[in-house]
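Every heavy atom of this structure was used, including side-chain atoms; hydrogens, water molecules and symmetry mates were not.
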Amino acid sequence: MTDQQAHQFERGTDGPKVILVGLDGSDTSLRAVAYAAGLARRQRALLAIVYVQPVLAAGAALGVPVAGTTDEIAESLVAQIREAAEQVKGVFETRWEFHTFRGDPYNGLVRAADDLKADAVVVGASEQAGHRIVGSVAIRLVKAGRWPVTVVP
């Protein structure tokens, strides 16, 4: 190997292969998806959009059709994503997949990142005031220290 070969820069080969983004329908999560889509496009990575369906034991015990409701939310989110992807088709091409996991947001995103072998995680900042004191999903993901985490305001 020559000195020149040892110092050659390989453009576009070092970045993440899978960028995971959490989506729950909030404004910050929608901004996180847009941000992550730009990252995925530039890095030629797969964008894994994850919706964590909450498991509401109390609602299920009272006979509320929780699974059906969260399935409807997931379907609505997929429709929004497909519509947005169609609007930029031909201008921006991004490979993406939509996944749903059940559970609380933190554990659902951790399981998704592990299962999908994510190289990076993007989430929206929490809009709930109490999370500034107790800690948000984003803070817990950062503290886990298992992936680079980007928090989008």
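No continuous path of hydrophobic side-chain contacts links Tyr35 to Leu46 [ILVMFWY only; heavy atoms under 4.5 Å].
Here the closest non-hydrogen pair linking Val52 and Asp104 is CG1-O, 3.5 Å. Closest heavy-atom contact between Ala125 and Pro153: CB-CA, 4.1 Å. Ala36 and Ile19 get closest at one heavy-atom pair: CB-CG2, 4.2 Å. Listed here is the closest heavy atom pair of Val137 and Pro105: CG2-CB, 3.7 Å. The minimum heavy-atom distance between Ser29 and Gly22, with the atom names listed, is CB-O, 3.8 Å. Of all heavy-atom pairs between Val151 and Gly124, the closest is CG1-C, 4.3 Å.
The shortest side-chain heavy-atom distance between Ile49 and Leu20 does not fall under the 4.5 Å cut-off.
With rounding to the nearest 0.5 angstrom, the CZ atom of Arg42 is 9.5 Å from the OG1 atom of Thr94. Remark: Lys143 NZ to Arg140 CZ distance equals 10.0 Å, nearest 0.5 Å. In this structure, CZ in Arg95 is found 14.0 Å from CZ in Arg41, a value given to the nearest 0.5 Å. Once rounded to the nearest 0.5 Å, the distance linking OG of Ser76 with OH of Tyr51 reads 9.5 Å.
A side chain to side chain contact (heavy atoms under 4.5 Å, CB included) with Val50 holds for exactly one of Thr100, Leu109, Val21; it is Leu109.
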ask   = Passes side-chain contact (heavy atoms from CB on, under 4.5 Å), Trp147 versus Val142? Steps please.
value = CA-CA 8 Å; Trp147 325 266; Val142 169; over 6 Å; no

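Sorted by first and then second residue, the salt bridge (Lys or Arg N to Asp or Glu O under 4.0 Å) pairs involving residues 21-36 (not counting sequence neighbours) form an empty list. Each salt bridge (Lys or Arg N to Asp or Glu O under 4.0 Å) pair with one or both residues in residues 144-153, not counting sequence neighbours, appears once here: Asp114-Arg146.
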Atom pairs and distances, donor-acceptor, side-chain atoms in residues 115-123, under 3.5 Å, two or more places apart:
residue: Asp119; atom: OD2; partner: Lys17; partner atom: N; Å: 2.6
residue: Asp119; atom: OD2; partner: Val18; partner atom: N; Å: 3.0

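For the pair Arg111 and Phe101, the cation-pi criterion (under 6.0 Å, within 45° of the ring axis) is not fulfilled.
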